[in-house]
Amino acid sequence: MTTPDYRSTLNLPDTSFPMRGDLPKREPGWVREWEEHGVYKKLRDARCGAPKFVLHDGPPYANGQIHMGHAVNKILKDMIVKARQLAGYDAAYIPGWDCHGLPIENQIEKTYGRGLPRSEVQAKSRAYAAEQIDQQRADFKRLGVLGEWDHPYKTMDFVNEAGEIRVLKRLFERGFVYRGLKPVYWCFDCGSSLAEFEIEYADKQSPAVDVAFLSAEPDKLAAAFGVPPLAKEAFTVIWTTTPWTIPANQALNLNPELPYALVDTPRGYFVVAEALVEKCLARWQLEGSVVAVVPGRKLELLKFKHPLAHVHPGYDRESPVYLADYATADDGTGVVHSAPAYGLDDFQSCIAHGLAFDDILNPVQGNGTYAADLPLFGGQHIWKANPVIAQTLLDNGRLMAQSKVTHSYPHCWRHKSPVIYRAAAQWFVRMDEGDGLFTTDKAPQTLRQTALAAIEATSFYPENGRARLHDMIAGRPDWCISRQRSWGVPLPVFLHKDTGEAHPRTLEFIERAAQLVEAGGVEAWSQLDARDWLGDEAEHYTKGNDILDVWFDSGSTFQHVLKGSHAGAAHASGPEADLYLEGHDQHRGWFHSSLLLSCALQGRAPYRGLLTHGFTVDAQGRKMSKSLGNGIQPQEVTQKLGAEIIRLWVAASDYSGDIAGDDKILARVVDGYRRIRNTLRFLLANVSDFDPATDAVTPAELLEVDRYALARAAELQADILAHFERYEFHPVVAKLQVYCSEDLGAFYLDVLKDRLYTTAPKSLARRSAQTALWQITQAMLRWMAPFLSFTAEEAWKVFAGKKAGDTLFTETYWDFGATEGGLLAKWQRIHEIRDEVNKAIEAVRATGAVGASLQAELVLQVNEQDEALLRSLGEDLRFVFITSAVKLVSAAQLGVVVTPSTQGKCDRCWHYRADVGSNPAHPTLCGRCDSNLHGQGETRTIA
């Protein structure tokens, strides 16, 4: 007689959702479907009239292929926007691009050479930026980022270029803009001034020199110290790490309260800070004694000769002593040499003491070389001139000592090359009190005051960003907004050729320029003939060729994008965006410039919240870079593993710090993805024949373990949504993975398999389980969707039977309704006891006494409380422990005795039961399976 095959009688799971993700092949299909079926527009239609959530996109620069840092940034934004969309908000995402500025202009110069006409540079730059945007957009879409890709914002759109000019006009009206000669950061590679937030600090080795200045008034010097006339030459000595500034020296600075000593040495008398006498003499290899000491204020306006005055008549000038608090005795000599063109403190000190702008010496040209007519050093690059100047001073008796020092020095953040302060006539946004040009509506507070107050009203994620931005605003100088380049938004002014003053009709001209640019782009201003607007006055004026700082471009987008070009799609419920999100370096970049411009225009920040993420680094914590060759490229990972793996890696990382990634880390992410996918596949497979309209069980009819499972899922959902509210994803991923492996895989689904597979297909027991699984699947797909977007969408089509174009992202988070939270503690304790039982069974299995846990019979020694809890499960207790029998015995503490069953094994459910063969017609079935197949079916109440 042939033994029947009872496998066909089981409700085995079935789904078209494949076990293998095959992500690199499947994901492009989802990208195409989202695009072809206008899914982003369906999202907007689904939320028409809903509350707005606006994450304003900080524009990436339209230059070069995206790297992993771009991917992290865009995926974080996408996750937040999708999480808000699922929460019921109208969460539009308008991607943007930064299109002007030096990197693009440099690319044009590399390709076509220098010296191109301005109009040609602009035309080629515009075309190049458009090409880069197309390339980057394709990569961003491939990462699963949903947004208004057909209508992004670009800073080079004519309407945005014009909007930026109107922002400038408003700054004039509010009294924040002025023009002046002032030292600004200058990069020789850029050939332009730099803003404070374009500076980064790195170590640099510099020559340090002690230089002697001969007293031009030795009698007055002796009188100031109260000593007889000096019988030898007298000097003061400065210490500097910038010998190249010596040719431009115009003054000396002493601290008014610091004691200065007159020191007698064999080489003459020397004036230095009293506290530094010993160090100076040792450095100069001289013996000497202090003759007298006076505070610095006693030496004010005494004159010394330039150290090269006796070498060349071009340096035959005097350096007066000005008092300044920034002269200290911390190092050097306590005497500071002042070259006002090359230091902000020096500049302010000299101007305060009556030095006229026109008299400031500024021999360093924009490319870093001295003007050809500079005596002794004309035409030399300043870095190469350093040793030449030191040797000239040495040869002529004015160099007291020289050495090398390594110190933190400002560098251009684009070229990584050292920069200098260099005086140039520039346009500035004023931070503190002062007069602006063409003010018609003066702001009630200074820009610094308004910005600091706005920071306090902003939420920061993480919170430590507040102090960082506050410190930057509190200490920053006025913002230099002009640049001497071609590709950018013009600063449309006409300057008088003699006075350098702006035309009195400047505000009118700025508005006309905005209209001109709105019709024809920035090129239209370049092509404008000044005579067309000024008539006969044109011969007295020069049309300005400066462009606005590129940070002005992106920093003003809150005004002309959110309130202008994309106002309909992105306007928030209030005047600010809900969130700006960028890397933490943008505290000195986009966050910074946006804050200043918004505060200048409207007295508040343009954002309610600021979120920052770290850099992408390798497993050793080194920043990913081309030079180190330690980067992982998103395009390569997408082709090999799928974009979903990048998304899960980003979501699983604590973005508040740097984000580590390499092949090994991504391999672990792949393992985590498989666990989630396998759990999802089990859920889908076991509800494939479930129609909630006809098969769902009422809450009151659900078995207790199913009610517990729903309560646990609701509890987890509340936790997840709270994390999403705080823009936190890595706790969600961690908790979801634990939920899949522990709550579901190792407990609920494990317990459920017998009931799902062996009970009658339409029985209450099975439909109860399916009702719970169906709701858990509804919820879980939504939890996953922000970060595992492709997988969630793929599963949604299988689960919901939706046609092409329908999308999970129009849904909202699942509503579990009322759940029995009181079951959580009970079943948590059952779960703990079950873990101990499994350990005991595993120990016996290791001896070979039992195989599967169903072969085991248990005697549980339990205390009174646990006994009552377990007895409440009745006959279903054995299903919870997945054993064939369980006996409870009272004891002081938990104990587990495992013995192999001596009963027969059911061929269908594999339980070992005494009633196997009770029906002679089915001698290999237990009574339960016989009833489920041929009788009334078993009754389950708990599990």
Side-chain angles (χ1 to χ4, degrees), residues 208-240 242-254 260-274 276-277 280-281 283-294 296 298-324 327 332-340 346 349-350 353 355 361 374-377 388-402:
V209 294
D210 291 60
V211 181
F213 286 66
L214 178 66
S215 174
E217 303 172 314
D219 292 344
K220 289 184 179 180
L221 179 65
F225 275 100
V227 299
L230 305 175
K232 294 181 287 190
E233 287 183 324
F235 303 85
T236 191
V237 182
I238 65 93
W239 177 86
T240 181
T242 56
W244 62 267
T245 61
I246 294 291
N249 172 271
Q250 294 188 265
L252 299 169
N253 291 118
L254 274 66
Y260 287 86
L262 180 67
V263 184
D264 185 8
T265 80
R267 282 190 60 175
Y269 292 97
F270 291 93
V271 177
V272 296
E274 181 187 25
L276 296 169
V277 169
C280 288
L281 290 176
R283 199 162 62 242
W284 304 338
Q285 299 181 7
L286 287 175
E287 298 290 335
S289 58
V290 175
V291 175
V293 177
V294 295
K298 293 287 188 179
L299 307 177
E300 185 177 15
L301 299 180
L302 288 179
K303 295 175 181 176
F304 291 81
K305 290 180 177 292
H306 190 282
L308 297 175
H310 62 303
V311 181
H312 191 286
Y315 295 106
D316 189 8
R317 60 179 182 268
E318 295 173 337
S319 294
V321 170
Y322 298 147
L323 301 180
T333 66
V335 182
V336 175
H337 117 81
S338 182
D346 296 351
S349 172
C350 287
H353 284 87
L355 186 67
L361 300 175
L374 179 70
L376 302 177
F377 314 111
V388 179
I389 293 169
Q391 187 63 45
T392 303
L393 292 167
L394 178 63
D395 293 344
N396 292 278
R398 293 296 183 262
L399 187 70
M400 302 299 295
Q402 61 179 323

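Because the structure is predicted, anything quoted here is derived from the model rather than measured.
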Handout entry: Test side-chain contact (heavy atoms from CB on, under 4.5 Å) applied to Val290 and Glu274, step by step
Key = CA-CA 8 Å; Val290 175; Glu274 181 187 25; 5.7 Å; no

Exercise for the section: Would you sort out whether Trp244 and Val388 count as a side-chain contact (heavy atoms from CB on, under 4.5 Å), showing the intermediate values? Expected result: CA-CA 9 Å; Trp244 62 267; Val388 179; over 6 Å; no

Exercise for the section: Verify side-chain contact (heavy atoms from CB on, under 4.5 Å) between Val272 and Val277, making sure each step is shown before the conclusion. Expected result: CA-CA 7 Å; Val272 296; Val277 169; 3.8 Å; yes

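Of all heavy-atom pairs spanning Pro243 and Val209, the tightest one is CG-CG2, 3.9 Å. Summarising the geometry of Leu323 relative to Gly296, their closest heavy-atom pair is CD2-O, 3.5 Å, with the distance given to 0.1 Å. Smallest separation of non-hydrogen atoms from Leu276 and Thr333: CD1-C, 3.5 Å. The two residues Leu302 and Ala224 make their nearest non-hydrogen contact at CD1-CB, 4.2 Å.
Taking 4.5 Å as the limit, every side-chain heavy atom of Val335 sits out of range of all side-chain heavy atoms of Val321. Contact annotation: the side chain of Cys280 never approaches that of Val237 to less than 4.5 Å [non-hydrogen atoms, C-beta and beyond]. Between Tyr315 and Leu376 the shortest side-chain heavy-atom distance falls below 4.5 Å.
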What pairs of donor and acceptor atoms, side-chain ones from residues 393-401 against any protein atom, are under 3.5 angstrom apart with sequence neighbours left out?
from	atom 1	to	atom 2	distance (Å)
Asp395	OD1	Gln391	NE2	2.8
Asn396	ND2	Thr392	O	2.7

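The side chain to side chain contact (heavy atoms under 4.5 Å, CB included) check on Ala292 picks up Phe225, Val227, with sequence neighbours excluded. Residues that satisfy the ring pair (Phe, Tyr, Trp, His ring centres under 6.0 Å) test with Tyr269, not counting sequence neighbours, are absent from this structure. Partners of Ser349 according to the side chain to side chain contact (heavy atoms under 4.5 Å, CB included) rule, which considers only residues two or more places apart in sequence or in another chain, are Asn253, Tyr322, Tyr326, His353. Taking Trp284 as the reference, Phe270 meet the ring pair (Phe, Tyr, Trp, His ring centres under 6.0 Å) condition, with sequence neighbours excluded. Residues satisfying the side chain to side chain contact (heavy atoms under 4.5 Å, CB included) criterion with Ser289, sequence neighbours excluded, are Asp264. For the side-chain hydrogen bond (donor to acceptor under 3.5 Å, both in side chains) test, residues two or more places apart in sequence or in another chain that qualify with Ser319 are Asn249.
Panel note: side chain Tyr260, backbone Lys298; no donor-acceptor pair is recorded below 3.5 Å. The backbone N or O of Leu286 sits nowhere less than 3.5 Å from a side-chain atom of Thr265 that would complete a donor-acceptor pair. In this structure, Gln250 contributes its side chain and Leu361 its backbone to a donor-acceptor pair below 3.5 Å.
Pairs engaging residues 208-221 under the salt bridge (charged side-chain N to carboxylate O under 4.0 Å, His left out) rule: Asp210-Arg283, Glu217-Lys220 [sequence neighbours left out]. Evaluation of the side-chain hydrogen bond (donor to acceptor under 3.5 Å, both in side chains) test over residues 302-312, restricted to residues two or more places apart or in two chains, returns none.
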